[in-house]
Amino acid sequence: MRLNGLGVSPGIGIGKALLLKRGAPELRFRVPATMVSREIERLARARERSREQLQQIRDRIADSTGAEHAYMFDAQLLMLDDAMLIDRAAEIIRSERLNAGSAIELAFREIAALFDRADDAYLRERKGDVGDVVGRVCMNLRTGRDSLDLFKHLEGPLVLVADELTPSTIAQLDWQRFAAFVTDAGSWTYHTAILARSIHVPAVAGLRDASYVIAPGVLLAVDGATGEVFVDPDPAVLDQVRARQQQRAAFEHSLDEYRRLPAVTEDGIRIRLEANVESPDDARRARESGAEGIGLFRSEFLLAGRGHEALGEDAQFEAYTRLVESMAPGRVTIRTFDVSEAQLPIDTPAGDGARAPLGLRGVRLSLARGDMFQAQLRALLRAASHGPLRIMFPFVSRVEELREARAAVQRAAETLRARGDQVPPVPVGVMIEVPSAAFTADLLADDADFFSIGTNDLIQYCLAVDRTDDRVSDLYEPLHPAIIRTLRLVARAAQRRSIPVSVCGEMAADPVVLALLVGLGLTEFSMAPTAIPLAKQALRAVRAREAQTLAARTLRARTAAEVEELLTTFVAPHERKALKF
Ligand code: PEP
Ligand code: MG
C-alpha cells in the first residue's frame, strides 16, 4: 500500500511503525515476547487505579447529591470487570503482542462495533460510558510514563506515526531512534515539520488517516521529499526506495564543500546566513553546516515536556549560556517564549482562550506574566556576559508592546545591577510576523535595534490561512503578491532607519526564493542548519543586480503563479531540478 501526503522534511527513512495518538503520549507498538507479562501487569495496575478513582468519585457524588446520581459510576465500575474489556485486552496483548494502550483501544473498537449494531438506542448510548472507562484506563497506563520507558527497549529504526504530533512530544522522545515521522495532520510550516527539518529526520504530513490504517510494527519506507509512504513494501519497492536514499546521500554530500565557503553573491554582495535552532545542543550542528550565528533560538522549546522548574532563572541561564558559549564568537539571537497560556508548564485556567493562537500568546503573555518575563530576561542578560547575544520579542503587534517589553528589559537589568552583576549592552529586536507590525515597521524601527521577519506567521495572518492545516496548505502561498509587497515594505523601513533586518521564516530556506529576497534588498537570513549549504550554493550563483530586476518584475506580477514563473525562468532549469530534489 502507498499513502501520499506532503513531504515536509526531505530524506528517506525506513523503519517499523510506532503509533502515537492525540492526547499524547499514547504510543502504539508491538512489544517483544519478553515484555508481554509486563504489559499485562501494567494493564492490571491501571485497572486497579481506575477502580479506586471511580469508587472515590461515586462516593463523593453519592454523599453530595444522593446515591441515585452515582449509578453511572456503578455501571463504569462493572465495566472494568467485564470480560470483553480488560480481559479481552490482555488476550490481545498475548496473541498480537501489542502494548497495553493499543490492546485496550482494540478491545474498545470491538465493543463499539457491537453497540453500533444494537437496535436499542439506550444500549448505543452506553458506548460513550465504555469510552470514558477506556479513557481513564489509558490515562492510568500513561501515569509514570511507563510506555515511554518501554519504548526505549524496542529495536529500531522506528517510524513515528501520529495523528497529530506536537513539538513538545518530539522534544520528550529520543529523536535518534527515529528514521522518519509521518502524521495525519500538519504542513510545511507546522512546528513539528520545522523541527524535523532542523534535526534532519525525514517527515511526511497531511496523510489524513495514516495513524488509523497503519498497524503498529509494520515496515514503512518514507520519502520526505515526495510525500510517499510505502506500507509493508515488497522487496522491489524497498530496493527502489533504498536507491533513492543513496541518491539523496550523494546529493547532500555534493553540497559539503559549501559549508566552509562564504555566503556571497556572484557579484560580491556579502550575505549573512544564520541557523534556526530549538535546543542549546544544536549549536554544533549549526556551526558544522556553515552558519555564522544563531538567528533564531525558539526558547519555548526549553519548556517542552518539563515542569515548572524550566521557567526558573538559573535553569534558563544555564541553557542560554551553553548556547552562547558553544556558538561564540558567532552571534546568538534568542526569542523570548512564544507560547500560549496552555503551553506553559504551570496551571493555567482551562478553556479555549488558553489555547487560542490569537489570544494571550508571545510577548502579550510575557507582559501579562511579569514575574515569568523578568526571570527570562534576567537569565538572558546574565548569559550575554558569555558571548554576543540579542533578545527578540515574538508576536509584537504594536509600538506600545515593544516599548513595554523594552522597559521590562530595563527593569531586569536594574535588578541584576542591584545584585552586583555586570550587564553588557544587549540589542533588543522584534519579530515582524503580524501584519500590523509589518505595516508599521517604520514606527517600530524607532524602538527596535533590529528586525527579524517571521514569514511563517506573517503569511498565515496576511492570507488568513492556518499554517498547520493541511487542507488549506495550497492556499498558504509565500509568493502571493501581498507577501512580496509586505516584505519590500519591511526591508525598506529597516534600511531607512539603518537597522539590520533578517528573514527567519521558512521562506528563506527555499533556495529559489532566496534570489527574490536578495533582490528585495534583504541580506540576512536564518534557516534550519540543514538548509544552509544549499542556500550558499544558490546564493553564490546569483547576481544581486539581476535579482533586483527579478524582484522589480515580481512586484508587478498579479498572481503567485506569475511570480513562480518568473523565479523558474530566473533560476536555470537544471539547477531548479537539483534544488527540488
Ligand atoms: C515565523 O513565524 O516565521 C517564525 C520564524 O516563528 P515560528 O515559526 O516559531 O512561529
Ligand atoms: Mg512565528
Side-chain angles (χ1 to χ4, degrees), residues 8-9 11 166-176 178 181 188-201 203 259 263 272-306 310 315-339 362 376 379-380 383-384 386-394 429 431 433 450 452-457 502-509 524-536:
V8 293
S9 178
T166 62
S168 64
T169 306
I170 297 194
Q172 290 170 62
L173 299 172
D174 178 3
W175 308 331
Q176 319 286 343
F178 292 104
F181 302 142
W188 182 262
T189 56
Y190 187 48
H191 273 137
T192 306
I194 293 176
L195 185 60
R197 291 195 289 278
S198 179
I199 59 180
H200 212 178
V201 175
R259 294 169 193 269
R272 186 176 174 90
L273 287 189
E274 298 186 320
N276 293 347
V277 298
E278 287 78 30
S279 155
D281 303 324
D282 288 341
R284 187 183 50 82
R285 210 195 340 242
R287 266 190 287 104
E288 282 171 7
S289 64
E292 284 183 62
I294 302 293
L296 169 65
F297 174 64
R298 292 181 164 98
S299 68
E300 62 274 11
F301 275 74
L302 293 175
L303 309 179
R306 304 221 171 85
Q316 291 185 64
F317 166 68
E318 188 274 320
Y320 302 144
T321 305
R322 194 147 43 96
L323 178 62
V324 166
E325 284 181 343
S326 44
M327 202 60 209
R331 169 182 95 184
V332 173
T333 303
I334 299 184
R335 175 174 83 181
T336 55
F337 300 137
D338 186 11
V339 282
Q376 181 167 35
L380 287 166
H386 296 257
L389 182 153
R390 306 194 303 175
I391 297 177
M392 178 159 78
F393 301 122
M431 286 200 65
E433 55 181 345
F450 64 93
S452 187
I453 309 177
T455 52
N456 304 339
D457 278 319
S502 79
V503 180
C504 65
E506 292 304 301
M507 197 174 170
E524 282 190 27
F525 306 99
S526 190
M527 58 192 68
T530 44
I532 290 178
L534 188 53
K536 285 190 179 177

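When every heavy atom of Ala379 is checked against every heavy atom of Gln316, the shortest pair comes out as CB-CB, 3.6 Å. Here the closest non-hydrogen pair linking Gly362 and Asp338 is CA-OD1, 3.5 Å. Residues Arg335 and Pro394 approach most closely at CD-CB, 3.6 Å, considering heavy atoms. Here the closest heavy-atom approach between residue Val324 and residue Pro388 is recorded as CG1-N, 4.3 Å. Taking both residues in full, the closest heavy atoms of Ala291 and Ile532 are given as CB-CD1, 3.5 Å, listed atom of the first, atom of the second, then distance. Between Ser279 and Leu323, the closest heavy-atom pair is O-CD1, 4.5 Å.
Without hydrogens or angle criteria, Ser9 side chain to Ala193 main chain gives no donor-acceptor distance under 3.5 Å. Under a 3.5 Å cut-off, the side chain of Arg284 and the backbone N or O of Ser326 do not form any donor-acceptor pair. Side-chain atoms of Glu278 do not come within 3.5 Å of backbone N or O of Ser198 as any donor-acceptor pair. Remark: side-chain polar atoms of Arg331 are not paired, donor with acceptor, to backbone N or O of Glu274 under 3.5 angstrom.
To the nearest 0.5 Å, the span separating CZ on Arg197 from CH2 on Trp188 amounts to 4.0 Å. The line from NE2 of His386 to CD of Glu325 is 6.0 Å long, rounded to the nearest 0.5 Å. The line from CG of Leu389 to CD1 of Ile334 is 4.5 Å long, rounded to the nearest 0.5 Å. Here OG1 of Thr192 is found 8.5 Å from CZ of Phe181. Values are rounded to the nearest 0.5 Å. Taking CD of Glu300 as the start and CD of Gln376 as the end, the distance is 9.0 Å to the nearest 0.5 Å. Atom-to-atom distance recorded for Leu380:CG and Thr321:OG1 is 9.5 Å, nearest 0.5 angstrom.
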Test side chain to side chain contact (heavy atoms under 4.5 Å, CB included) applied to Phe450 and Thr333, step by step: CA-CA 10 Å; Phe450 64 93; Thr333 303; 3.9 Å; yes
Intermediate values then yes/no, side chain to side chain contact (heavy atoms under 4.5 Å, CB included), His191 and Asn456: CA-CA 10 Å; His191 273 137; Asn456 304 339; 5.7 Å; no
Derivation and outcome, side chain to side chain contact (heavy atoms under 4.5 Å, CB included), residues Phe297 and Asp282: CA-CA 10 Å; Phe297 174 64; Asp282 288 341; over 6 Å; no
Worked check of side chain to side chain contact (heavy atoms under 4.5 Å, CB included) between Met507 and Phe525: CA-CA 10 Å; Met507 197 174 170; Phe525 306 99; over 6 Å; no
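Contact of the Tyr190 side chain with the Val8 side chain is not registered, since no non-hydrogen atoms from C-beta on lie closer than 4.5 Å. A 4.5 Å side-chain heavy-atom check between Arg285 and Val277 finds every atom pair outside the cut-off. When side chains are defined from C-beta on, Met431 counts as touching Cys504, because their heavy atoms get closer than 4.5 Å.
Checked against Ser289 for a side chain to side chain contact (heavy atoms under 4.5 Å, CB included), the options Met527, Arg259, Lys536, His200 give a single hit: Arg259.
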